[in-house]
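Each remark here refers to the structure printed beneath this line.
Every chain is numbered from 1 and lettered A, B, ... according to where its sequence line falls, protein lines coming before strand lines.
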2 protein chains.
Amino acid sequence: MGKQATEMLKGTLEGIVLAILADRPAYGYEITAWLREQGFSDIAEGTIYALLVRIEQRGLVDVEKVPSEKGPPRKVYSLNTQGREYLEEFWRTWSFLAERLEQLRKGGE
Amino acid sequence: MGKQATEMLKGTLEGIVLAILADRPAYGYEITAWLREQGFSDIAEGTIYALLVRIEQRGLVDVEKVPSEKGPPRKVYSLNTQGREYLEEFWRTWSFLAERLEQLRKGGE
DNA sequence: CCTGCTATTCAGCATTGCTATGTACTGGTA
DNA sequence: TACCAGTACATAGCAATGCTGAATAGCAGG
């Protein structure tokens with residue numbers, strides 16, 4: 001991914017993580033690894049942890065500490081009701097943006 | 001548009017403006033007005049002007065000062081070759097992001 | 001003269017992602 | 001024992017971007 005991606009991820013990455021958590025509870029290390037598999041090759045671990053702290057402080061997720069056999073305890077996040085509402089709002093904003101951009105792309109051919 | 005839009009626009013707004021300029025030369029005031037018509041209701045004028053300064057400094061656009069009958073002279077921007085290449089790169093990054101997000105949206109139903 | 005519309009600019013702020021580093025727990029291996 | 005890799009989380013400082021609010025300037029009409 002290019003350098004443009006860094007700025008484009010701002011605001012979007014949060015929605016991506018919320019969407020992941022809407023599907024299943026997960027912890028930071030796991031999310032980072034999954035994103036990298038999906039092609040988000042250079043997403044920094046620190047970025048994900050900081051993001052998780054933010055959405056927790058906003059009350060969008062519930063947290064549970066679960067012991068791990070292979071290292072320090074995991075902080076498993078799951079999306080709560082407020083988080084689901086926020087995610088729906090994210091999808092609305094995303095749709096709006098995606099529609100305008102598709103129109104612009106068509107217009108420029 | 002909600003508050004999420006502000007962060008989501010980061011990085012995307014630049015592509016949007018470049019896409020507009022790929023279609024036709026335009027000046028700041030005009031671009032702001034057009035975006036507002038398209039539903040980007042709360043895009044600040046200052047944001048567009050600052051963005052135009054940035055893409056000019058990066059050499060993505062050519063500028064021409066054109067007198068106006070109704071006010072101060074306009075700075076008309078047009079996309080140059082480098083700008084078109086940069087825009088193509090933008091579309092590639094955008095496509096990547098849009099595909100992942102559509103997959104996530106489907107998965108979460 | 002004053003108001004409103006056109007048109008651009010700029011200083012200061014908030015948010016977000018990245019870099020770099022540090023901490024901590026477990027298991028394997030020399 | 002000592003060391004290292006893999007797992008797992010946290011944080012301080014930086015860069016980039018969009019927003020707020022205000023200022024500047026030209027032109028036309030009441």
Side-chain angles (χ1 to χ4, degrees), chain A residues 1-18 25-36 40-58 60-61 63-77 86 90 93 97, chain B residues 1-18 25-36 40-58 60-61 63-77 86 90 93 97:
Chain A
M1 300 183 55
K3 302 126 205 171
Q4 310 202 37
T6 293
E7 293 306 324
M8 242 185 279
L9 275 178
K10 291 189 179 178
T12 314
L13 185 57
E14 183 176 283
I16 291 172
V17 170
L18 291 176
Y27 56 97
Y29 191 82
E30 185 187 9
I31 294 172
T32 306
W34 188 83
L35 286 172
R36 290 194 173 144
F40 294 96
S41 46
D42 39 49
I43 285 194
E45 277 198 82
T47 299
I48 297 298
Y49 288 116
L51 194 159
L52 290 170
V53 167
R54 286 201 300 270
I55 62 179
E56 181 188 354
Q57 283 171 345
R58 288 187 207 149
L60 306 179
V61 288
V63 191
E64 195 188 355
K65 229 168 197 170
V66 178
S68 162
E69 326 81 38
K70 296 186 174 180
R74 300 167 175 162
K75 284 181 73 177
V76 176
Y77 296 81
Y86 191 86
F90 169 81
T93 306
L97 206 56
Chain B
M1 301 184 55
K3 302 126 205 171
Q4 310 201 36
T6 292
E7 294 305 324
M8 241 186 280
L9 276 177
K10 291 189 179 178
T12 313
L13 185 58
E14 184 176 283
I16 291 172
V17 169
L18 291 176
Y27 55 98
Y29 192 82
E30 185 186 12
I31 294 172
T32 307
W34 187 83
L35 286 174
R36 291 196 172 143
F40 293 96
S41 46
D42 39 48
I43 285 194
E45 278 199 84
T47 299
I48 297 299
Y49 286 115
L51 194 159
L52 290 170
V53 167
R54 285 201 300 270
I55 62 179
E56 181 189 353
Q57 283 172 343
R58 288 189 209 150
L60 306 179
V61 289
V63 191
E64 195 189 355
K65 227 166 199 171
V66 177
S68 162
E69 324 83 36
K70 297 185 174 179
R74 300 166 174 164
K75 285 181 73 176
V76 176
Y77 295 82
Y86 191 86
F90 169 81
T93 307
L97 206 55

Using a 3.5 Å cut-off and no angle test, enumerate the donor-acceptor pairs between side-chain atoms of residues 4-12 of chain A and protein atoms at least two apart in sequence or in another chain.
residue, atom, partner, partner atom, Å
A:Gln4, NE2, B:Tyr86, O, 3.3
A:Glu7, OE1, A:Lys10, NZ, 3.2
A:Thr12, OG1, A:Met8, O, 3.0

Seminar exercise, completed: To the nearest 0.5 Å, atom CG of A:Leu52 lies from atom OH of A:Tyr49 at 8.5 Å

Seminar exercise, completed: Rounding to 0.5 Å, atoms OG1 (B:Thr47) and CG (B:Asp42) come to a distance of 10.0 Å

For this session: Rounded off to whole Å, could you give me the CG-to-C1' distance for the A:Leu13 and D:dT17 pair?
Result: 16 Å

Exercise. Given side chains that start at C-beta, do those of B:Phe40 and B:Ile16 come closer than 4.5 Å, heavy atoms only?
Worked result: yes

For this session: Find out whether B:Leu13 and B:Ile48 are in side-chain contact, i.e. whether some heavy atom of one side chain is under 4.5 Å from a heavy atom of the other.
Result: yes

Nucleotide N/O to protein N/O under 3.5 Å, stretch nucleotides 7-13 of chain D:
residue, atom, partner, partner atom, Å
D:dT7, OP2, A:Tyr29, OH, 3.0
D:dA8, OP1, A:Ser68, OG, 2.9
D:dA8, OP1, A:Arg74, NE, 2.6
D:dA8, OP1, A:Arg74, NH2, 2.4
D:dA8, OP2, A:Tyr27, OH, 3.2
D:dC9, OP1, A:Lys75, N, 2.5
D:dC9, OP2, A:Gly28, N, 3.4
D:dC9, OP2, A:Tyr29, N, 2.8
D:dC9, OP2, A:Tyr49, OH, 3.1
D:dA10, OP1, A:Lys75, NZ, 3.2

Exercise. By side chain to side chain donor-acceptor pair (under 3.5 Å), which residues pair with B:Tyr27, not counting sequence neighbours?
Worked result: B:Arg74

For this session: Walk along DNA chain C from 5' to 3' and tell me the first and last nucleotide with an atom closer than 4.0 Å to a non-hydrogen atom of chain B.
Result: C:dT6 to C:dT16

Problem set entry | Of all pairs that satisfy salt bridge (Lys or Arg N to Asp or Glu O under 4.0 Å), the ones with a partner from residues 64-73 of chain A, not counting sequence neighbours | none

Exercise. Base, sugar-phosphate alone, or nothing: which one does A:Leu52 contact when heavy atoms must sit under 4.0 Å apart?
Worked result: nothing

Where do N or O atoms of nucleotides 14-16 of chain D meet protein N or O atoms at under 3.5 Å, pair by pair?
residue, atom, partner, partner atom, Å
D:dA16, O4', A:Glu7, OE2, 3.4
D:dA16, N3, A:Lys10, NZ, 3.0

For this session: Without swapping roles, check the side chain of A:Tyr77 against the backbone of A:Val53 for a donor-acceptor pair under 3.5 Å.
Result: no

For this session: Determine the minimum heavy-atom distance between A:Ile43 and A:Thr32, stating which atoms define it.
Result: O-CG2, 4.3 Å

Problem set entry | Contact summary for B:Arg58 and B:Glu14, nearest pair of heavy atoms | NH1-OE1, 3.0 Å

